[in-house]
Asker: 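After the structure tokens below, expect a handful of questions from me.
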Amino acid sequence: MEIMLSKVVTNKHYLFFLVVALAILLAGVGSYGFTETSEARYAEISKEMLSSKDYLNPKLLGIFHFHKPPITYYITTLGYRIFGINEFGARFFLQIAIVLQMALVYGMARLLFNERKTAFASGLVYFAMPLVLISSRNLTTDAYLTTFILGSLYCWQYYTTKGKIVGVYIFYLLAALALLTKGPVALLFILTYIIVYKAIFKRNSKISIHHILGFGLCLFLASSWYILVVINNTGLWDYFVTDQLISRITSHSFNRSKPFWFYIPLIIGLTLPWWWIIFRNFKRKASIFLNFGREERLLLISSVFLFLIFSVFRTKMLLYILPMFWMLAILIAVQLYKVSVSILNTLSLAYTVLMSCLFLGILGFWLWKPQFIHISNVTLVIGIVLVILFVSLFFYLDNNVPEKPALLGASFGAALILLSTSIMAHNGSTFNSTKEMIGFINNVTPKENKTIAVYDYLLSSIPMYSGNNPITLKLRNNTTNREVQFQKDEEWKDDLWDINDDVMVTRLDSLSYSTNTYLIINKKRGFKDDLKYLEPHFKNRQEFVKWLVLYNK
């Protein structure tokens, strides 16, 4: 793998870009609290895994949590071991994953088109895509999944193009890691690309002993964790197949069901302004798609197939389609060397407008000072510096340079990362972090002497900042539905109270009179009418952006 990757980054200018990108991605990455619900969940599971030394059975707030395979938890615990149990430790390897993706995008473009300039532009376009940047700021499986998928396909393409057997083994190894990151969904991206490639390039499948050994390695590694946990937990296989696979495809599972067209406006918005290339070309000559080279058709058809597949699935989330964006980045980069200067100027102007809107928005909020968001002086200064650098780059580059829009796009991506990080650092509550709220509670009552209860919502980040598990008061919110069927004892009932049960309501009534007790309520959802009588039992209250804290000192 080292030999192959060394060829990916032989372009010293691109290597410099990767170093700069890593520095930008790491800047302030630990300055804001864990956001609910997904990021906080992964961070807390990894913390509990590190504390318990149980790397087989993931647990969230002491309850088994088998939603995902363990690779993301393993990587996060490694970050904790190196940097401590904090936000930087949790997010550090996400940034490494993004940089590896950019290196692999460069490598894939070189293998497919054998042109350094196209490969360089592909990496720049990829860094300009907001979805890629979002994945770097939110601890989930998606950035790691994309890295393993892209790495496996690079190795497969390397073997197909160069005939090097080492590519076969690393392909299967990385495919296994992708399966251990998010399950069978990884195969959709890998197999779609390979099948479309073989159809377009008319390549027959040649199976050798190396493929058989590689497949055996993949099967053994990918199934190892599943086999071990299924053996130790009765009924877990049915849970994996029914709840985690079939339900996500066909039903409203996990309250994430979206309409078929859900990804259409997202794709348009997330590829803005690059789709202007296709729009203008299609307007001028409808047959442009028929004139695409085989490599371009490979990327386009693979992307369309994946888009349709994920549109059919009932369960949809923004980052689910992240592993197809590398194909769009390369496809767009190729078109930059085919379009007219006027289109290049339009794209450059579009990024200038986007940069202007971003800065003016920050300046407007800084002057207006609304209650829902705070723009610090530091954020404003960062914005001014970035605008100066962007304008300098805009006037320094000639308009007829095909790479100009890509460089401006990457600069805009850097601005998004730096400014959003600074904003999140000063607006944790607005972005659904509990750090400020729990900090307030810790100031009122020392960590070891309090009880925190959360009404009808699962706040996974509380133990990170309070040192203790909260009591989750379950009513009807989907986040409080826990898979307790795999628990070996009933200790979990100490921290999960079903207040649909009158007995638990009586218990909550008694708790509400206790000192050093805090009840956290989502302001938007409010308190159930027949439980509002409990509110006067708490002598104090403190409001945050999204939460109300009732408490007794």
Side-chain angles (χ1 to χ4, degrees), residues 37-77 139-142 144-145 148-149 175-188 190 215-257 313-315 317 320 458 460 463 469 472 474 477-498:
T37 59
S38 294
E39 181 180 52
R41 184 168 63 249
Y42 284 101
E44 175 59 21
I45 292 172
S46 302
K47 179 178 77 72
E48 293 184 33
M49 184 174 283
L50 180 63
S51 300
S52 67
K53 302 297 188 293
D54 181 359
Y55 293 95
L56 184 62
N57 302 292
K59 292 181 181 179
L60 175 62
L61 303 182
I63 296 175
F64 288 131
H65 192 85
F66 294 112
H67 285 209
K68 295 291 188 297
I71 288 295
T72 300
Y73 310 137
Y74 294 166
I75 296 173
T76 308
T77 57
L139 176 60
T140 63
T141 59
D142 301 285
Y144 296 125
L145 176 69
F148 291 132
I149 288 174
L177 292 176
L179 288 166
L180 282 172
T181 302
K182 204 171 183 177
V185 68
L187 293 177
L188 289 176
I190 295 172
F215 179 78
L217 172 67
C218 178
L219 184 63
F220 172 76
L221 292 176
S223 63
S224 58
W225 177 78
Y226 291 95
I227 292 172
L228 291 172
V229 293
V230 166
I231 289 174
N232 294 324
N233 298 277
T234 304
L236 189 54
W237 177 252
D238 289 337
Y239 170 78
F240 281 145
V241 174
T242 303
D243 292 11
Q244 292 298 320
L245 184 59
I246 297 176
S247 292
R248 288 178 180 269
I249 296 174
T250 63
S251 71
H252 300 265
S253 65
F254 303 99
N255 200 32
R256 294 174 178 177
S257 178
F313 291 170
R314 296 294 296 273
T315 301
M317 291 290 284
Y320 285 1
L458 187 70
S460 306
N469 286 355
T472 300
K474 176 183 176 182
N477 188 274
N478 68 291
T479 63
T480 63
N481 293 327
R482 307 297 308 279
E483 283 80 18
V484 297
Q485 67 268 33
F486 305 114
Q487 295 303 114
K488 310 301 182 184
D489 52 47
E490 294 190 348
E491 289 185 7
W492 59 271
K493 291 185 177 180
D494 293 338
D495 296 331
L496 183 62
W497 297 7
D498 188 347

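Note that these values count all heavy atoms, side chains included, but never hydrogens, waters or copies made by symmetry. Since we're looking at a predicted model, the values are computed, not measured.
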Asker: Please tell me if the side chains of Phe240 and Val230 come closer than 4.5 Å, counting only heavy atoms from C-beta onward.
Answerer: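 Yes, their side chains come closer than 4.5 Å.
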Asker: Can you name the salt bridge (Lys or Arg N to Asp or Glu O under 4.0 Å) partners of Glu490, sequence neighbours left out?
Answerer: Lys493
Asker: Roughly how far, to the nearest 0.5 Å, is the OG1 atom of Thr242 from the CH2 atom of Trp237?
Answerer: 10.5 Å
Asker: Does atom CZ of Phe220 have more than 12 heavy-atom neighbours from other groups under 6.0 Å away?
Answerer: no
Asker: Closest approach of Thr480 and Asn477, non-hydrogen atoms and distance?
Answerer: OG1-O, 2.7 Å
Asker: What verdict does the side-chain contact (heavy atoms from CB on, under 4.5 Å) test give for Leu188 and Phe313, after you've listed the backbone C-alpha separation in whole Å, the side-chain angles of each residue and the deciding distance to 0.1 Å?
Answerer: CA-CA 12 Å; Leu188 289 176; Phe313 291 170; 3.7 Å; yes
Asker: Using every non-hydrogen atom in the two residues, find where Thr479 and Arg482 come nearest and quote the distance to one decimal.
Answerer: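 Smallest heavy-atom distance, with atoms named: O-CD, 4.3 Å.
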Asker: Just verifying a value: how many Å separate Asn57 CG and Leu236 CG, rounded to the nearest 0.5 Å?
Answerer: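 Going from the CG atom of Asn57 to the CG atom of Leu236 covers 9.0 Å.
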Asker: Given side chains that start at C-beta, do those of Thr72 and Thr140 come closer than 4.5 Å, heavy atoms only?
Answerer: no
Asker: Just checking Tyr226: does its OH atom have more than 12 heavy atoms from other residues, nucleotides or ligands closer to it than 6.0 angstrom?
Answerer: yes
Asker: Are the side chains of Tyr74 and Leu180 in touch, meaning some heavy atoms are under 4.5 Å apart?
Answerer: no
Asker: Please find the pair of heavy atoms, one from Leu61 and one from Glu48, that lie closest to each other, and give the distance.
Answerer: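 Residues Leu61 and Glu48, closest heavy atoms: N-OE2, 2.7 Å.
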Asker: OH of Tyr73 to OG1 of Thr181: how many Å apart, nearest 0.5 Å?
Answerer: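 The OH atom of Tyr73 sits 11.0 Å away from the OG1 atom of Thr181.
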Asker: When you measure from the side chain of Lys53 to the backbone N and O of Leu50, does any donor-acceptor pair fall under 3.5 Å?
Answerer: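 Indeed, once roles are kept as given, a pair shorter than 3.5 Å links the two residues.
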Asker: Mark yes or no for whether Trp225, through its side chain, and Ala222, through its backbone, hold a donor-acceptor pair below 3.5 Å.
Answerer: no
Asker: Might you point out which heavy atoms bring Met49 and Asp54 nearest each other, and give the distance in Å?
Answerer: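 Taking every non-hydrogen atom into account, CG-O, 3.3 Å.
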Asker: Please tell me if the side chains of Thr315 and Tyr320 come closer than 4.5 Å, counting only heavy atoms from C-beta onward.
Answerer: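 The answer is yes, as the side chains (C-beta and beyond) meet within the 4.5 Å cut-off.
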Asker: Using the benzene-type ring in the case of Trp, are the ring centres of Tyr239 and Phe66 under 6.0 Å apart?
Answerer: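 No - the distance between ring centres of Tyr239 and Phe66 does not fall below the 6.0 Å cut-off.
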Asker: List in chain and number order the residues that pass salt bridge (Lys or Arg N to Asp or Glu O under 4.0 Å) with Lys47, two or more places apart in sequence or in another chain; answer none if no residue qualifies.
Answerer: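 For Lys47, the residues satisfying salt bridge (Lys or Arg N to Asp or Glu O under 4.0 Å) (neighbours in sequence not counted) are Glu44.
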Asker: Checking side-chain contact (heavy atoms from CB on, under 4.5 Å) for the pair Ile71/Leu177: CA distance, chi angles, key distance, verdict?
Answerer: CA-CA 7 Å; Ile71 288 295; Leu177 292 176; 4.1 Å; yes
Asker: Please examine the side chains of Lys488 and Phe64, heavy atoms only from C-beta on, and report whether any two atoms are closer than 4.5 Å.
Answerer: yes
Asker: Looking at residues at least two apart in the chain, or sitting in another chain, which of them share a salt bridge (Lys or Arg N to Asp or Glu O under 4.0 Å) with Lys59?
Answerer: none
Asker: Search all heavy atoms of Leu179 against all heavy atoms of Ala186 and return the closest pair with its distance.
Answerer: N-CB, 4.2 Å
Asker: Measure across Lys474 and Asn481 and return the closest heavy-atom pair with its distance rounded to 0.1 Å.
Answerer: CE-OD1, 3.3 Å
